[in-house]
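Just so it is clear, the values below take in all heavy atoms, side chains as well, and ignore hydrogens, waters and symmetry mates. Below, read A as the first sequence line, B as the second, and so on, with proteins coming before strands; counting in each chain starts at 1.
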Amino acid sequence: MKTEEEINEILRILADEYPAPQTELNYKTPFQLLIATILSAQTTDRQVNKITTELFSKYNNPEDFLDLTPEELAEEIHGVGLYRNKSKYILKTCQKLVDEYDSQIPKTREELMELSGVGRKTANVVLSCAFEFDTIAVDTHVFRVTNRLGIANSDNVRRTEEELMKNLPQDKWSSAHHWFIFHGREICKARNPRCGECPVNHLCDYYKELD
DNA sequence: AACTCGGGGCA
DNA sequence: TGCCCAGAGTT
């Protein structure tokens with residue numbers, strides 16, 4: 001595990017390396033962020049971004065989506081993968097938003113996770129990016145990167161979330177989330193990680209154990 | 001706990 | 001061109 005100084009050094013280097021694109025924050029409303037995050041399951045947000053501009057120009061609230069049949073919506077979101085499931089989840093979620101939340105997005109993790117297609121990761125993204133609540137959304141990139149670096153040490157996403165909230169300074173939670181995701185995609189990849197190009201390899205537990 | 005759902009990226 | 005990757009729901 002890392003000392004506070006080592007963690008701050010890692011964060012400093014990553015901040016310098018990745019001027020946080022913060023892609024989730026590009027969505028204009030909590031509703032857009034929620035839908036985009038449901039769409040992003042098992043895909044990159046690059047794929048999601050390809051379709052959301054047009055999608056949200058046509059449908060921008062739960063009522064708009066409820067005008068569509070599952071088949072029509074599936075057609076609209078073609079390209080993000082798992083589109084039939086995601087179409088059903090989104091329509092079910094929109095119906096619930098209309099029926100139970102006056103078309104607003106609920107602000108607690110428990111309520112968000114009751115929505116179809118919304119698990120812990122999606123709920124945390126909405127809480128931290130749309131409502132700026134103090135949460136860290138742990139997807140597989142964040143999980144892999146932080147465990148390799150030694151900022152977390154856990155075989156379980158739920159515990160990693162707790163460890164990160166304990167080990168990272170709170171004012172860095174939001175930006176660190178984006179650094180880890182970007183780093184995980186470009187450098188610290190699941191397979192064939194490019195450790196030679198990694199700006200924090202001298203501070204990485206995984207890199208130390210390589211040879 | 002294992003399986004399903006689509007497609008993009010890379011070996 | 002086949003294998004790996006990325007969440008949530010279902011069985």
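Using a cutoff of 4.0 Å between basic side-chain nitrogens and carboxylate oxygens, A:Lys58 and A:Glu72 are not scored as salt-bridged. One finds no salt bridge joining A:Glu162 and A:Lys166 here, because no Lys/Arg side-chain nitrogen approaches an Asp/Glu carboxylate oxygen to under 4.0 Å.
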Exercise for review: Would you sort out whether A:Glu163 and A:Asn153 count as a side-chain hydrogen bond (donor to acceptor under 3.5 Å, both in side chains), showing the intermediate values?
Suggested key: CA-CA 8 Å; A:Glu163 290 182 1; A:Asn153 182 16; over 6 Å; no
Check your understanding: Does the pair A:Glu24 and A:Thr37 meet the rule for a side-chain hydrogen bond (donor to acceptor under 3.5 Å, both in side chains), with working shown?
Key -> CA-CA 8 Å; A:Glu24 285 93 341; A:Thr37 310; over 6 Å; no
**Study point:** Check against side-chain contact (heavy atoms from CB on, under 4.5 Å), A:Val142 and A:Leu164
**Key:** CA-CA 10 Å; A:Val142 174; A:Leu164 293 181; 3.7 Å; yes
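Only the P atoms considered, C:dA6 is 15 Å distant from B:dA11, to the nearest whole Å. Between C:dG9 and B:dG8, the distance separating the two C1' atoms is 23 Å to the nearest Å. A gap of 15 Å separates the P atoms of B:dC3 and C:dC4, to the nearest Å.
When DNA chain B is scanned 5' to 3' for any atom under 4.0 Å from a heavy atom of chain A, the first and last hits are B:dC5 to B:dA11.
A:Ile51 has its side chain within reach of A:Leu39: a pair of non-hydrogen atoms, C-beta onward, lies under 4.5 Å apart.
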Short heteroatom pairs, N/O only, protein and nucleotides 7-11 of chain C, under 3.5 Å:
residue: C:dG7; atom: OP1; partner: A:Lys121; partner atom: NZ; Å: 3.4
residue: C:dG7; atom: OP2; partner: A:Thr140; partner atom: N; Å: 3.1
residue: C:dG7; atom: OP2; partner: A:Thr140; partner atom: OG1; Å: 3.1
residue: C:dG7; atom: N9; partner: A:Gln42; partner atom: OE1; Å: 3.2
residue: C:dG7; atom: N7; partner: A:Gln42; partner atom: OE1; Å: 2.7
residue: C:dG7; atom: O6; partner: A:Gln42; partner atom: NE2; Å: 3.3
residue: C:dA8; atom: OP1; partner: A:Gly119; partner atom: N; Å: 3.4
residue: C:dA8; atom: OP1; partner: A:Thr122; partner atom: N; Å: 3.0
residue: C:dA8; atom: OP1; partner: A:Thr122; partner atom: OG1; Å: 2.4
residue: C:dA8; atom: O5'; partner: A:Gly119; partner atom: N; Å: 3.4
residue: C:dG9; atom: OP1; partner: A:Gly117; partner atom: N; Å: 2.7
residue: C:dG9; atom: OP1; partner: A:Val118; partner atom: N; Å: 3.4
residue: C:dG9; atom: O4'; partner: A:Tyr89; partner atom: OH; Å: 3.1

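Of the inter-residue distances, the one linking A:Thr108 atom OG1 with A:Leu127 atom CG reads 7.5 Å to the nearest 0.5 angstrom. Interatomic distance, CG of A:Leu203 versus CD1 of A:Ile13, reported as 5.5 Å (0.5 Å rounding).
If you check residues 172-201 of chain A against DNA chain C, the residues with a heavy atom closer than 4.0 Å are A:Ala190, A:Arg191, listed by number.
Under 3.5 Å, the side chains of A:Gln95 and A:Lys92 contain no donor-acceptor pair of N or O atoms.
Aromatic pair A:Tyr18/A:His183: centroids less than 6.0 angstrom apart.
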